[in-house]
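Report on the structure given below.
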Amino acid sequence: MKRILLSSADVPERWYNILPDLPAPLEPYLNPRTLEPLQPADLAPLLPQAVIEQEVSSERWIEIPEEVRAIYQMWRPSPLHRADRLEKVLDTPARIYFKYEGASPPGSHKPNTAVAQAYYNKREGVRRLTTETGAGQWGSALSFAGSLFGLEVTVYMVRASYQQKPYRRILMETWGASVLPSPTDTTQAGRDILARDPDSPGSLGIAVAEAVEDALAHEDTRSALGSAMNHVILHQTVIGLEAKTQMEMAGDYPDVVIGCVGGGSNYSGLAYPFMADRLSGARPNVRFVAAEPAACPTLTRGVYAYDFPDSAGLGPVLKMRTVGHGFIPSPIHAGGLRFHGDAPTLCLLQEHGFVEARAFQQNEVFREAVRFARCEGFLPAPESSHALKAVVDEALLAREAGEARVILFGFSGHGHFDMAAYDSFLAGSLEDYELPQEKLDSALAELPTVGVTA
Ligand SMILES: Cc1ncc(COP(=O)(O)O)c(C=O)c1O
């Protein structure tokens with residue numbers, strides 16, 4: 001079967017929460033001011049109550065509200081494709097499947113959580129949402145969700161992306177959002193950065209700081225985070241739950257589940273329903289491979305430590321793999337993979353040996369993106385192309401070993417707004433970035449002094 005499809009009625013009715021199944025308890029979040037364990041109520045100025053409850057819930061299954069499910073049905077269930085043409089090109093016995101999230105209106109997996117977050121905020125009387133965006137995918141998704149629920153949306157867009165991707169900005173504005181290039185001079189966090197570096201290209205950490213400061217300053221406003229947090233990953237598990245049913249229909253089960261990691265939401269959303277089988281012992285041999293850019297190597301070169309999710313130290317302090325909240329990555333084209341930290345649950349699973357990580361350079365990633373576009377047709381986002389590079393490596397290893405390995409990967413979004421990046425690659429002017437150790441060391445020197453365990 002080339003394409004494995006489910007019907008609207010098959011959109012999952014519940015999200016899967018991995019918290020009760022983790023191999024060890026997640027370390028508590030800390031209050032950014034006191035560095036003492038955070039109380040759920042401390043999050044109230046930032047997030048709606050229902051979302052705070054999901055963040056700390058120990059329930060394995062959480063019902064998807066009917067209104068959210070109905071909106072999911074605008075594009076879900078998403079298709080699962082067999083990449084048999086790529087298999088042939090690679091001359092591999094591996095069977096490669098990908099879960100295509102590019103068919104949503106904004107073009108990625110991000111609305112799976114944006115719609116849920118907008119729903120809960122609206123239900124609790126919030127008028128406006130603030131958020132950060134790197135590549136523009138998350139900002140687009142929240143703008144789309146805000147337009148469906150009649151919420152105002154203010155997006156702080158990393159300046160480098162704002163300049164690289166005007167069409168993403170216009171898409172957000174079409175859905176009614178206000179988009180500001182971050183750092184801005186409208187928040188203290190932004191002004192502090194601009195005072196030090198008036199030409200700052202911005203970073204996701206700075207944009208998060210601005211969005212959080214804005215939300216904290218306005219009673220009728222809350223912030224929406226696009227990745228890393230437990231509730232975001234919870235909402236994204238619709239990807240893996242559907243994929244599990246679709247793999248069953250195909251008569252296969254993955255030997256390896258691969259995805260790209262920015263803050264970890266699309267990968268965890270795909271992987272966790274399969275991870276549940278590994279953790280329960282039902283599928284002890286399934287492997288998990290996370291792909292990231294060498295320019296922002298959180299899982300491969302970061303430390304496992306408490307750190308802020310934002311450059312100004314306003315958001316909850318999380319135990320995660322981090323390259324430091326002050327880290328400003330090179331302006332690579334995978335804007336969505338430039339977050340300095342990662343989801344605490346994914347990092348904990350990596351610490352316990354359940355997740356392997358690989359880092360790649362831009363050129364090797366785009367080489368695979370172009371090869372994929374030329375045989376499978378779909379044009380992957382630069383972020384998703386990192387997963388693709390890991391997939392090809394795995395498929396070639398399967399060829400060497402003569403094994404018909406089953407590979408499932410997350411195609412997190414299309415790259416239709418990333419043509420400038422493709423253009424640079426095709427013109428041979430795309431640069432690779434090897435992160436210098438001194439730059440990493442100096443960013444890591446700024447970690448809050450709690451629980452640094454390297
Ligand atoms: C298409 C796409 N894939 C992946 C990511 C990475 O984010 P996450 O790790 O939360 O899935 C992004 C982030 O913007 C994205 O736009």
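Both counts, for ligands and for their atoms, begin at 1 and track the order of listing. The model shown is predicted, which means the values in this text are computed figures rather than measured ones.
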Problem set entry | Test item, H414 contacting ligand 1 (heavy atom, 4.0 angstrom) | no
Problem set entry | N-O pairing of D84 and R95 below 4.0 Å | no
For this session: Could you tell me whether some N/O pair between G413 and ligand 1 is separated by less than 3.5 angstrom?
Result: no
Exercise. How close does the nearest protein non-hydrogen atom get to atom 2 (C) of ligand 1, and which residue and atom is it?
Worked result: S412 OG, 3.5 Å
Exercise. Are R367 and F425 in a cation-pi contact, defined as NZ or CZ under 6.0 Å from the six-membered ring centre and within 45° of the axis?
Worked result: no
Problem set entry | Mode of N266 contact toward ligand 1 - side chain, backbone, both, neither (heavy atoms, under 4.0 Å) | both
Exercise. Under 3.5 Å between some N or O of ligand 1 and some N or O of Y267?
Worked result: no
For this session: Tell me yes or no: between the side chains of T187 and Y156, is some donor less than 3.5 Å from an acceptor?
Result: no
For this session: Using distance alone, with no hydrogens and no angle criterion, decide if R168 and S140 have a side-chain donor and acceptor under 3.5 Å apart.
Result: yes
Exercise. Looking only at non-hydrogen atoms, which of R338, H109, E132 approaches atom 5 (C) of ligand 1 most closely?
Worked result: H109
Exercise. For ligand 1, is there an N or O atom under 3.5 Å from any N or O atom of G264?
Worked result: yes
Exercise. Any chance the side chains of R159 and S200 put a donor and an acceptor closer than 3.5 Å?
Worked result: no
Exercise. Of all the atoms in ligand 1, which lie at a distance below 4.0 Å from a heavy atom belonging to Q137?
Worked result: 1 (C), 16 (O)
For this session: For D342 and Q350, run side-chain hydrogen bond (donor to acceptor under 3.5 Å, both in side chains): C-alpha distance rounded to whole Å, both residues' side-chain angles, the deciding distance at 0.1 Å, then the answer.
Result: CA-CA 11 Å; D342 278 316; Q350 185 198 15; over 6 Å; no
Exercise. Backbone or side chain, does any N or O of K110 fall under 3.5 Å from an N or O of ligand 1?
Worked result: yes
Exercise. Is a side-chain donor-acceptor pair under 3.5 Å present for T130 with D214?
Worked result: no
For this session: Would you mind running through ligand 1 and noting each atom that sits below 4.0 Å from a heavy atom of S227?
Result: 8 (P), 10 (O)
Exercise. Contact between Q236 and ligand 1, counting heavy atoms under 4.0 Å?
Worked result: no
Problem set entry | Q236 versus S268, side-chain donor and acceptor atoms under 3.5 Å | no
Exercise. Does the separation of the ring centres of F327 and H340 fall below 6.0 angstrom?
Worked result: no
Seminar exercise, completed: At under 4.0 Å between heavy atoms, what of L337 touches ligand 1? The answer is side chain
Exercise. Looking at atom 6 (C) of ligand 1, what's its closest protein heavy atom, distance included?
Worked result: G336 O, 3.4 Å
Exercise. Which atoms from ligand 1 have a heavy atom of V261 less than 4.0 Å away?
Worked result: 9 (O)
